[in-house]
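Everything numeric here is computed off the predicted structure, so don't read it as measured data.
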Protein chains: 2
Amino acid sequence: MSAGKVVLALDGMGGDHAPDVVVEGANIARERYPGTTYLLFGDPARLKPLVDRRKGLAQVLEIVPAEDVVTADDKPSLAVRRRRKSSMWLAVQAATEGRADSVVSAGNTGALLAISMFSMRMVTGAHRPALASFLPTRRGEVVMLDLGANVECDAGNLAEFAVMGSVFAQTLLGLDTPRVGVLNVGSEELKGHEEVRQAAAWLRHEGSPINFHGFVEGNDIGTGVVDVVVTDGFTGNVALKAIEGTAKLYSSFVRDTFRTSTFAKIGYLFAAGALKKFQKRVDPRRYNGGVFLGLDGICVKSHGGTDALGFAYAIGVANDLVRYEYKNKLIDGLAKLHQVTSTTEPTPSALQASGGAE
Amino acid sequence: MSAGKVVLALDGMGGDHAPDVVVEGANIARERYPGTTYLLFGDPARLKPLVDRRKGLAQVLEIVPAEDVVTADDKPSLAVRRRRKSSMWLAVQAATEGRADSVVSAGNTGALLAISMFSMRMVTGAHRPALASFLPTRRGEVVMLDLGANVECDAGNLAEFAVMGSVFAQTLLGLDTPRVGVLNVGSEELKGHEEVRQAAAWLRHEGSPINFHGFVEGNDIGTGVVDVVVTDGFTGNVALKAIEGTAKLYSSFVRDTFRTSTFAKIGYLFAAGALKKFQKRVDPRRYNGGVFLGLDGICVKSHGGTDALGFAYAIGVANDLVRYEYKNKLIDGLAKLHQVTSTTEPTPSALQASGGAE
């Protein structure tokens with residue numbers, strides 16, 4: 001654990017319900033993470049009353065004026081060129097230049113990624129960033145990446161994502177050797193396209209820095225058979241949103257179920273407590289806090305529509321990544337991976353013709 | 001509607017619970033589809049007692065001896081070379097040579113695809129087959145393809161899949177102009193990789209034979225915003241299995257919920273009827289009956305673990321595709337598509353650099 005105090009830069013103006021949820025999120029986090037202080041970027045006229053209203057918050061939080069904001073509609077390229085006085089830009093800058101240890105924003109995802117890449121650059125050994133997040137499983141939680149930072153990934157990118165996800169799970173889930181799976185259309189070595197087969201060949205090779213489980217399929221994401229699921233940003237984004245959509249659909253089916261008859265309505269009265277536990281178990285706020293891994297800095301993306309509890313959770317993720325020295329562990333892991341990839345010939349299995357799905 | 005009688009070839013030995021579910025499935029279908037008759041391929045010693053036990057079934061069903069079976073572990077290439085006396089091979093052959101109008105099998109998916117491609121070949125205008133199936137949505141059902149026949153697809157494949165899916169939805173859902181969406185990581189024209197952007201450019205072009213909605217995201221699969229979702233077999237297979245896994249996870253969460261307390265258990269007693277309706281609404285058997293589209297013949301794949309009701313549903317799919325002249329409509333649609341693709345320059349939007357996800 002890092003000995004010093006942790007300083008987090010917060011984008012005060014990013015997200016659908018900013019600045020209110022950002023300030024209240026910091027207020028919730030203040031009690032959870034003693035010793036952590038905050039730089040809050042944004043419009044002082046809007047931020048100061050919100051901070052002053054919360055007793056004790058001003059002692060751990062400093063407002064840093066930012067006169068511009070990145071909007072939800074800003075194209076990433078425009079945000080990089082034109083929003084240099086925005087709360088997002090200045091918050092990322094603070095984390096890049098060492099005035100803060102990490103940045104948390106609920107703003108425009110594409111803009112946050114572009115600004116962070118431009119400002120922080122990649123960490124030694126990483127070539128592309130990946131967006132990682134937690135998803136619920138039968139046994140607990142699973143880390144999945146990339147959720148959409150890169151729509152096209154080669155085998156090297158996937159192998160690096162596996163290391164990033166493994167270190168992330170070590171840091172946040174407290175696992176010594178997280179089991180890592182690569183998403184594919186079947187579990188056999190010969191399935192899938194060349195990128196996944198070559199990545200798997202490296203990851204299972206002697207000297208690989210991770211505990212490689214092998215290929216997993218879409219239905220394995222929710223079973224907890226692995227702690228980390230690795231895929232390209234196209235597939236990951238589609239799968240994540242498909243899972244979210246299915247979760248919503250099922251929740252609506254369950255709600256409809258209890259409206260179908262008088263008996264069911266009475267049943268609901270008895271089961272309401274248990275059903276609330278069900279809702280809590282699948283509460284999306286618990287799975288808030290995506291992180292851009294692979295940058296030379298720590299950038300946590302809170303969901304744009306989050307409430308204060310979700311934002312506080314995202315702050316917790318940033319706090320843990322700093323305290324448990326995620327970045328140093330990542331640089332170590334990537335160096336070990338590149339010893340494997342630079343000295344290992346592509347394996348025959350990775351070069352064979354690709355098979356269809358089961 | 002086709003005037004003549006429909007003859008369906010059934011793989012009597014394919015699937016986890018064959019031949020029992022195949023025979024009982026045919027028996028259920030017999031009442032639903034008068035005028036349809038069956039050729040049942042497999043081991044007569046096992047099939048005949050099952051058929052004879054069901055009154056009236058022998059009048060519409062003929063057992064055709066097949067001495068071999070394709071096993072669940074057979075590699076597709078081996079099945080094509082070595083299983084030419086199997087029930088699957090002979091059933092596909094009957095549909096290819098016109099002794100049957102369509103084939104239904106619950107056997108090994110990869111083997112069924114390989115044998116069907118080898119035997120039936122592609123229909124005029126189609127270059128790759130796609131596995132299509134129905135998924136539940138808030139409003140009803142959506143057709144999704146490709147679910148795993150091809151792990152790599154180019155823009156032309158995706159555009160053809162769009163036409164296949166559209167004709168499939170017309171035929172089975174009775175829609176005049178199904179809304180078709182291409183799966184992507186965002187809804188803007190510039191998002192995603194080149195394949196999806198070029199496919200979309202063709203599909204929205206003047207003369208396109210389909211009602212193109214544009215890009216959809218993973219969470220749109222379950223909302224019913226489109227009737228057909230088009231994607232490559234890698235993404236489609238992962239998304240399908242992720243959706244199935246999430247559905248299972250939520251069902252288990254709901255079950256757990258009603259075990260958490262005495263109150264919840266009492267609530268269950270009252271709500272049991274409604275909860276059974278919920279289970280029925282998400283019953284995977286209703287979404288049984290994947291079809292390999294694009295072949296010069298009709299090949300319906302029932303889920304390997306299906307029960308008789310699911311197999312009867314798959315028979316219904318085959319029956320409708322034959323009666324409502326799916327194949328002729330598909331040839332028409334593909335011809336119109338290729339007029340667009342052969343005369344249209346790649347659009348500038350399809351050539352621009354790809355953007356990340358939102």
Could you check which of Leu240(B), Ile221(B), Leu183(B) has the highest count of heavy-atom pairs closer than 4.5 Å to chain A?
Leu183(B)
Chain A heavy atoms under 4.5 Å from Asn184(B): which part of the residue, side chain, backbone, both or neither?
both
Nearest-0.5 Å distance that lies between atom [atom1] in [X] and atom [atom2] in [Y]:
X: His193(B); Y: Asp232(A); atom1: NE2; atom2: CG; value: 7.5 Å
X: Lys248(A); Y: Arg138(B); atom1: NZ; atom2: CZ; value: 7.5 Å
X: Glu195(B); Y: Glu152(A); atom1: CD; atom2: CD; value: 6.0 Å

Pick from Val216(A), Asp220(A), Asn219(A): which one makes a side chain to side chain contact (heavy atoms under 4.5 Å, CB included) with Lys241(B)?
Asn219(A)
In terms of heavy-atom pairs under 4.5 Å, which option from Gly222(A), Ala239(A), Ala247(A) contacts chain B the most?
Ala247(A)
Considering all heavy atoms of both residues, which atom of Val185(A) and which atom of Gly233(B) are nearest to each other, and what is their separation?
CG1-O, 4.1 Å
